[in-house]
Visitor: 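I have a structure I would like to understand better, so I am pasting it below and will then ask my questions one at a time.
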There are 2 protein chains.
Amino acid sequence: MILSRACNYGILASLYIAKEERTKTGYTSIRHLSEELNISFHFLTKILQTLTAEGILHSHKGPKGGVMLARNADEITILDLVYAIDGEDIFTECVLGLPGCGNEEPCPMHFQWAEVRENLKDMFEHKTLAETAGEVEEMKLRLSNFVRGEKQ
Amino acid sequence: MILSRACNYGILASLYIAKEERTKTGYTSIRHLSEELNISFHFLTKILQTLTAEGILHSHKGPKGGVMLARNADEITILDLVYAIDGEDIFTECVLGLPGCGNEEPCPMHFQWAEVRENLKDMFEHKTLAETAGEVEEMKLRLSNFVRGEKQ
DNA sequence: TTGATTTAAGATTAAAAGCTCTTTATAATC
DNA sequence: GATTATAAAGAGCTTTTAATCTTAAATCAA
């Protein structure tokens, strides 16, 4: 898998929050997110703690607490989430795992891989939460881990 | 990491074998491969067993034994190795990890990801061992896990 | 001010990936 | 035949990732 499971969950949850915030204000509880998306509550809590620490979300304890986007949804990209959770390694690592691979000491796939990798990065960078959450709503795209029919 | 470590090692070893076979015939011992590439002998043995079982390599026990390419080097692509070791999952999996994601029930990144993924697959498919091993030799590209100067 | 609700934090467990060790089977050479 | 070199096979250890459990801290509302 190209992204870690934590990163998958972090993206799905952030998209869900962005979608909610199109019509309501205030915090979204992690319990609610975990139920809607079918993600373990405690695991999701940890992931969202990371996003909070990275300044992408705000959190609030107590009743009516939860998390919300710390910036405008069109100022947060999927790339921001990937960086926050998985780091930037996937955009710098050698595809054959050679330490120190780069333009100076390239592995046999370095230049081709660098191109694909750049496309991947562009893809993540051009997807804002605002735009993507909009698509999710208009096109009724999936966000949850449920398979068709299994709950909603 | 996009490919497993086992897959990295399998590719590096196969390229080394292809390079050797440009000038010599017969088997290349796994011990030799593991020393040249700085890869654990037992681990590499297992990986190459898989490639042998998949019909990509031939093996031979006893003195002067080892492994050799089972087909002509221009008839083996890096994609063949990836399929044999990691399977085809990375070319079918959802980038957000949603089960059953596809054209019918797409996740919010499905179509963009499908494109990047196809580029990645093309990249692996167009790299034959013959061509790549040639480049390694002509351009003195790296194959081993050693960092510069550490043995060479 | 007490109780309920919620995130924070850290310890623990489970599963997967990566790696090592030992033994066995086979083949070549002397 | 005995010895040595080699791959095959499988058991088992280590590290990383994923997930769970427990307790603490903060906040709100009655």
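Here is how names work: the chains are called A, B, and so on, in the same order as the sequence lines, proteins then strands, and each is numbered from 1.
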Visitor: Ignoring backbone atoms, test whether A:Thr52 places a side-chain nitrogen or oxygen under 4.0 Å from the OP1 or OP2 oxygen of C:dT7.
Guide: no
Visitor: Rounded to the nearest angstrom, tell me the gap between atom CZ in A:Arg5 and atom P in C:dA17.
Guide: 10 Å
Visitor: Go nucleotide by nucleotide along DNA chain D from the 5' end; which of B:His42 and B:Gly65 gets its closest nucleotide reached first?
Guide: B:Gly65
Visitor: Tell me which of B:Ala6 and A:Leu48 sits closer to the 5' end of DNA chain C, going by the nucleotide each one is nearest to.
Guide: A:Leu48
Visitor: Starting at CD of A:Glu35 and ending at C1' of C:dT5, how long is that distance when rounded to a whole Å?
Guide: 14 Å
Visitor: So, for A:His32 and A:Tyr16, is the gap between ring centers shorter than 6.0 Å?
Guide: yes
Visitor: Just to be sure I understand the rule, does A:Phe41 reach a base, reach only the sugar-phosphate, or reach nothing, if contact means heavy atoms closer than 4.0 Å?
Guide: base
Visitor: Under 4.0 Å from OP1 or OP2 of C:dC19: is there any side-chain N or O of B:Tyr9 that close?
Guide: yes
Visitor: Using the rule side-chain contact (heavy atoms from CB on, under 4.5 Å), only one of B:Leu141, B:Leu15, B:Ile11 pairs with B:Thr132; which is it?
Guide: B:Leu15
Visitor: Please evaluate the base of C:dT20 for a donor-acceptor partner in the side chain of B:Lys46 within a cut-off of under 3.5 Å?
Guide: yes
Visitor: Identify whether the distance between the nearest side-chain nitrogen and carboxylate oxygen of B:Lys127 and B:Glu135 falls below 4.0 Å.
Guide: yes
Visitor: When the distance from CG of A:Asn8 to P of D:dA18 is rounded to whole Å, what number comes out?
Guide: 9 Å
Visitor: Is a salt bridge present between B:Glu125 and B:Lys121, judged by a nitrogen-to-oxygen distance below 4.0 Å?
Guide: no
Visitor: Check the distance between C:dT20's P and B:Gln49's CD and give it to me in whole angstrom.
Guide: 16 Å
Visitor: By nearest heavy atom, map A:Pro63 and A:Thr45 onto DNA chain C; which one lands nearer the 5' end?
Guide: A:Pro63
Visitor: Choose from C:dA25, D:dA18, D:dA5 the nucleotide whose nearest atom is closest to any side-chain atom of B:Lys61.
Guide: C:dA25
Visitor: Atom CD1 of A:Ile47 and atom C1' of C:dA8: how far apart are they, to the nearest Å?
Guide: 15 Å
Visitor: What is the distance, to the nearest angstrom, from the CZ atom on B:Arg31 to the P atom on D:dA7?
Guide: 9 Å
Visitor: From the list C:dA4, D:dA18, C:dA8, which nucleotide is the closest neighbour of the side chain of A:Phe43?
Guide: D:dA18
Visitor: For C:dC19, does OP1 or OP2 lie under 4.0 Å from any side-chain N or O of B:Ser40?
Guide: no
Visitor: NE2 of A:His32 versus P of C:dT5: gap in Å, rounded?
Guide: 17 Å
Visitor: Do A:Ser4 and A:Asp86 pair up side chain to side chain, a donor and an acceptor below 3.5 Å, judged on atom types alone?
Guide: yes
Visitor: For the side chain of A:Ser59, starting at C-beta, report the closest nucleotide among C:dT7, D:dT4, D:dA8.
Guide: C:dT7
Visitor: Which whole-number value in Å describes the distance from B:Met68 CE to D:dT6 P?
Guide: 16 Å
Visitor: Relative to the 5' end of DNA chain D, which residue comes earlier, A:Met1 or A:Lys64, by the nucleotide with the nearest heavy atom?
Guide: A:Met1
